[in-house]
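One structure is given here, and the rest of the page talks about it.
We use all heavy atoms of the structure for the numbers below, so side chains are in, but hydrogens, waters and symmetry mates are not. So that the names make sense, note that chain A is the first sequence line, chain B the second, and so on, each numbered from 1. This is a predicted model, so every value here is computed, not measured.
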Amino acid sequence: MFHNNQLNIYSTINSGQYFLWENRQNIWYGIYEDTVLKISPILDNNRIRYEYDSFPKIEDWEQSVFRLDDNYDQIINEISKKDLTIEKITKQYRGLRIMRQKPIQCIISFLCSSNNNIPRIRLMLRNLSRVFGKTIEWKGDTFHTFPTLAGISSASQAELLQCGLGYRAVYIQNTVKSILNQDVDMKIIEKANYTESKLELMKLCGVGEKIADCILLFSLDKLDAFPIDTWIVKLLQEYLNNILVASPDVKINSKLSPNQYKVISKKIRDHYGKYSGYAQQFLYYSIRERNGRKW
DNA sequence: CGCCAGGGATCTT
DNA sequence: AAGATCCATGGC
């Protein structure tokens, strides 16, 4: 695949953090709310480099979306020191990065993620965009932008069900309503620290500990957030348990109660420190690779 | 057919 | 505070 030390486009896009990307004729297209992002690999002197474009035009969007302002070398260096597992897989999957999404799109996306698999999450979000987003024509290609809150709020429950959302349709309707009414304050969500922002996020219907952590990490610059999903739990049961959760008071069940989540989350975040989120993304990617992900 | 998927809300013990 | 159940849906 095409990559370098600082950014592996392929693994970063296919690591279950940002669902609205697709590859057409070896070119990547991403939906960034109202904007279509484009990444073209260019063969240049026997090396691959990338050309970034977008419509409507956003100058240097890749700096923000791929977080190129993070000091990647230092982050990898920092988390590598924490244990041998993470040292190994940061080497192995070097170039994997966290992306920075738009908060609203990220909230809706991870509302769709509950008890679900990634191909279906993608399908649901594409359906939502096709039905309630704006159609964009760009150089002969057709795209659908991500719907606005107003756009989604105008949808009937039947229409949402037709997008394949299932029981999550109600979560999305309630969440969109609370944001539009300002029962939940997006200013707090966007400006507050990890703890305060998470508390506010969890007022949203359908947002619990795990989904809140995803939103914090992938759209709100909280690099110390460490989402614990079913795959991470499996990993913890195997061997991280010995490193992190050596105390017998913590038993790891296949499903975590809110309290167990809090206890384990604290231990792990203490262990990996302020870049816990990067560590999590490497761990998640490695276990999905090991299990032969099909997307 | 049963089980699982980047879980959470709700009710029960 | 932990456990059980249900939620809608497609892939295997």
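- Of the candidate nucleotides dG6(B), dA8(C), dG8(B), dG8(B) has the atom nearest to the side chain of K255(A).
- Remark: K266(A) engages D270(A) in a salt bridge (Lys or Arg N to Asp or Glu O under 4.0 Å) (not counting sequence neighbours).
- Checked by distance alone, Y285(A) brings no side-chain donor or acceptor within 3.5 Å of a matching partner on the base of dG6(B).
- Applying the side-chain contact (heavy atoms from CB on, under 4.5 Å) rule to T90(A) yields the partners I76(A), I79(A), S80(A), I86(A), F282(A); only residues at least two apart in sequence or on another chain are considered.
- Nearest to the side-chain atoms of R288(A) among the listed nucleotides dG7(B), dA5(B), dG6(B) stands dG6(B).
- For K38(A) and W61(A), the positive end is not near the middle of the six-membered ring at less than 6.0 Å and at most 45° from its axis.
- Near DNA chain C, defined here as any heavy-atom distance below 4.0 Å, there are no residues from residues 196-206 of chain A.
- Rounded to whole angstrom, the span from the CD atom of Q260(A) across to the P atom of dG7(B) amounts to 16 Å.
- Of the candidate nucleotides dG8(B), dA2(C), dG6(B), dG6(B) has the atom lying nearest to any side-chain atom of Q281(A).
- In terms of the side-chain contact (heavy atoms from CB on, under 4.5 Å) criterion, residue partners of N117(A) (sequence neighbours excluded) are, by chain and number, P119(A), R120(A).
- Remark: N259(A) engages S257(A), V263(A) in a side-chain contact (heavy atoms from CB on, under 4.5 Å) (not counting sequence neighbours).
- Ring geometry, W28(A) versus W21(A): the interplanar angle exceeds 60°, so the pair is classed perpendicular (tilted spans 30 to 60°).
- Taking the nucleotide of DNA chain C with the nearest heavy atom to each of K294(A) and S257(A), the more 5' of the two is matched to S257(A).
- Between Y275(A) and Y278(A), the two ring planes are perpendicular [angle over 60°; tilted spans 30° to 60°].
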All N/O contacts under 3.5 Å from nucleotides 10-13 of chain B to the protein, with atom names and distances to one decimal?
none

Exercise for review: Kindly indicate, with the supporting measurements, whether the criterion side chain to side chain contact (heavy atoms under 4.5 Å, CB included) is fulfilled by K222(A) and L217(A).
Suggested key: CA-CA 5 Å; K222(A) 301 299 188 289; L217(A) 176 59; 5.8 Å; no

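- In this structure, D229(A) places its CG atom 15 Å from P of dC4(B), rounding to the nearest Å.
- When the salt bridge (Lys or Arg N to Asp or Glu O under 4.0 Å) test is applied to R269(A), the partners found at least two apart in sequence or on another chain are D224(A).
- Counting to the nearest Å, the P atom of dG10(C) and the CH2 atom of W295(A) are 20 Å from each other.
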Taking only distance into account, with no hydrogens and no angle test, what donor-acceptor pairs under 3.5 Å do side-chain atoms of residues 202-212 of chain A form with protein atoms, sequence neighbours excluded?
from: K203(A); atom 1: NZ; to: E200(A); atom 2: OE1; distance (Å): 2.9
from: E209(A); atom 1: OE1; to: K198(A); atom 2: NZ; distance (Å): 2.8
from: E209(A); atom 1: OE2; to: K262(A); atom 2: NZ; distance (Å): 3.1

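- Atom CZ of R168(A) and atom C1' of dA9(B) are 13 Å apart (whole Å).
- dC7(C) and dC4(B) have their C1' atoms separated by 15 Å, with the value rounded to a whole Å.
- Residues satisfying the side-chain contact (heavy atoms from CB on, under 4.5 Å) test with N46(A), not counting sequence neighbours, are none.
- Contact annotation for G16(A): base contact, defined as any heavy-atom pair under 4.0 Å involving a base atom.
- Atom CG in N127(A) sits roughly 12 Å away from atom C1' in dT9(C) (whole-Å rounding).
- Across the protein-nucleic acid pair, Y261(A) atom OH and dA1(C) atom C1' stand 18 Å apart, rounded to whole Å.
- Between the CZ atom of R120(A) and the P atom of dA8(C) there is a distance of 11 Å, rounded to whole Å.
- Annotation: the span from R67(A) atom CZ to F218(A) atom CZ amounts to 11.0 Å, rounded to 0.5 Å.
- One finds the CH2 atom of W231(A) at 14.0 Å from the CD atom of Q280(A) (value rounded to the nearest 0.5 Å).
- Under the stacking definition used here (centres under 5.5 Å, planes under 30°), the residue Y171(A) fails to qualify as stacked on the base of dG8(B).
- Which of dA2(C), dG6(B), dA8(C) sits closest to the side chain of F218(A) comes down to dG6(B).
- Sorted by first then second residue, the salt bridge (charged side-chain N to carboxylate O under 4.0 Å, His left out) pairs that include residues 141-164 of chain A, not counting sequence neighbours, are R24(A)-D141(A).
- Residues of residues 209-216 of chain A having a heavy atom closer than 4.0 Å to DNA chain B, listed by number: E209(A), K210(A), I211(A).
- For the pair N259(A) CG and dG7(B) C1', the computed distance is 17 Å after rounding to whole Å.
- Taking CG from N127(A) and CE from M124(A), the interatomic distance works out to 9.0 Å, rounded to the nearest 0.5 Å.
- For dC6(C) and dC3(B), the P atoms lie 14 Å apart once the distance is rounded to whole Å.
- DNA chain B lies under 4.0 Å from at least one heavy atom of each of the following residues of residues 97-119 of chain A: S113(A), S114(A), N115(A), N116(A), N117(A), I118(A).
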